[in-house]
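Okay, so here's the structure we're looking at.
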Amino acid sequence: MKLSGWMIAAGLALTCGLALAGDTAYTVRPTELKEKPYTDSKTLNNLAQNTKVEIVGRRGSWNRIKIGETTGWVKMLSLRLGAATQKTGDTGFKTLFNVASTGGSGSTMTTGVRGLSEEKLHTPQPNPQALEEMHKLAVGKDEAQQFAKSGKLVAAKMDYLPAPAK
C-alpha cells in the first residue's frame, strides 16, 4: 500500500496550527459550536465572527473551546490565535501554511510530522482505525464548496510533483 500525496497533505494539514490548551482565540467566520467533534453533532450555539474563546483541548481537526461556562467543539480552521482583527478577505490560511511569520502579527508557528520515518514511508502498514477516524472527519462536496466560497477560495489545477531522484 502506497501513501498517496493527498494522505500526506491531509496529515500535514491536521498537524498545522496546533493550538495549546489555555490559548485565547477568535472565530474567523460565523461558526457553529458543536456538542461533539463531528460535523453532524448537535449544534449548541452559533458563534459570530471575532467571538473570543478559550481553547481547552484538541481532537483531530477540532478544538474544544470554552465561552464563559459553556464548552463545545469548533473546527480548528474556524479559529485564529491572537488578535481579533484581521485584513478583509483573510481566512487564516496564510498563517496556517506559513512555517514562520515575523510580520506585524509578531507570531511564530512551526509544524512537523511525527511518526513518518523514511522506513515507514517505504514499508507502510495499513491502520484501519486511523482510516475510520479520517472518514469521520470527511465532509460532503456541498459543505466543502460552501467552506471554499466563504473563504473566497478558487479552484486551481495543480500538476503532480516529479518522481524523487533515485
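In this chain, residues are counted from 1 in sequence order.
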Examine distances only and state if a side-chain atom of [X] and a backbone atom of [Y] form a donor-acceptor pair shorter than 3.5 Å.
X	Y	result
R58	G60	yes
K34	S41	yes
T27	N50	yes

If you round to the nearest 0.5 Å, how far is [atom2] of [Y] from [atom1] of [X]?
X	Y	atom1	atom2	value
I55	D23	CD1	CG	5.5 Å
R80	R29	CZ	CZ	9.5 Å
E54	T24	CD	OG1	6.5 Å
T71	E69	OG1	CD	9.5 Å
L47	I67	CG	CD1	4.0 Å
K75	T31	NZ	OG1	10.0 Å

query = Between T39 and W62, does a side chain to side chain contact (heavy atoms under 4.5 Å, CB included) hold up when you go through it step by step?
reply = CA-CA 10 Å; T39 305; W62 293 82; 3.9 Å; yes
request  = Decide side chain to side chain contact (heavy atoms under 4.5 Å, CB included) for K136 and E133; before the verdict, give the C-alpha distance in whole Å, the side-chain angles of both, and the deciding distance to 0.1 Å.
outcome  = CA-CA 5 Å; K136 288 179 186 177; E133 287 296 316; 3.4 Å; yes
inquiry  = Apply side chain to side chain contact (heavy atoms under 4.5 Å, CB included) to residues W73 and L44 and explain how you reach the verdict.
reply    = CA-CA 9 Å; W73 296 87; L44 300 174; over 6 Å; no
Minimum heavy-atom distance between V74 and E32, given as atom pair plus value =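 Smallest heavy-atom distance, with atoms named: CG1-O, 3.5 Å.
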inquiry  = Ignoring hydrogens, what is the shortest heavy-atom contact between L77 and V28? Give both atom names and the distance.
reply    =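 Closest approach of L77 to V28: O-CG2, 3.5 Å.
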ask   = Which of these, N46, T70, V53, T51, sits in a side-chain contact (heavy atoms from CB on, under 4.5 Å) with L33?
value =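 For L33, the side-chain contact (heavy atoms from CB on, under 4.5 Å) test succeeds with only one of N46, T70, V53, T51, which is T70.
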inquiry  = Take a 6.0 Å sphere around CD of E35 and say whether it holds more than 12 heavy atoms from other residues, nucleotides or ligands.
reply    =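 Yes, CD of E35 has more than 12 neighbouring heavy atoms, counting only those of other groups under 6.0 Å.
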message = Contact between L79 and I65 at the side-chain level, heavy atoms closer than 4.5 Å - yes or no?
response =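 When only atoms from C-beta onward are counted, I65 and L79 do touch, with a gap below 4.5 Å.
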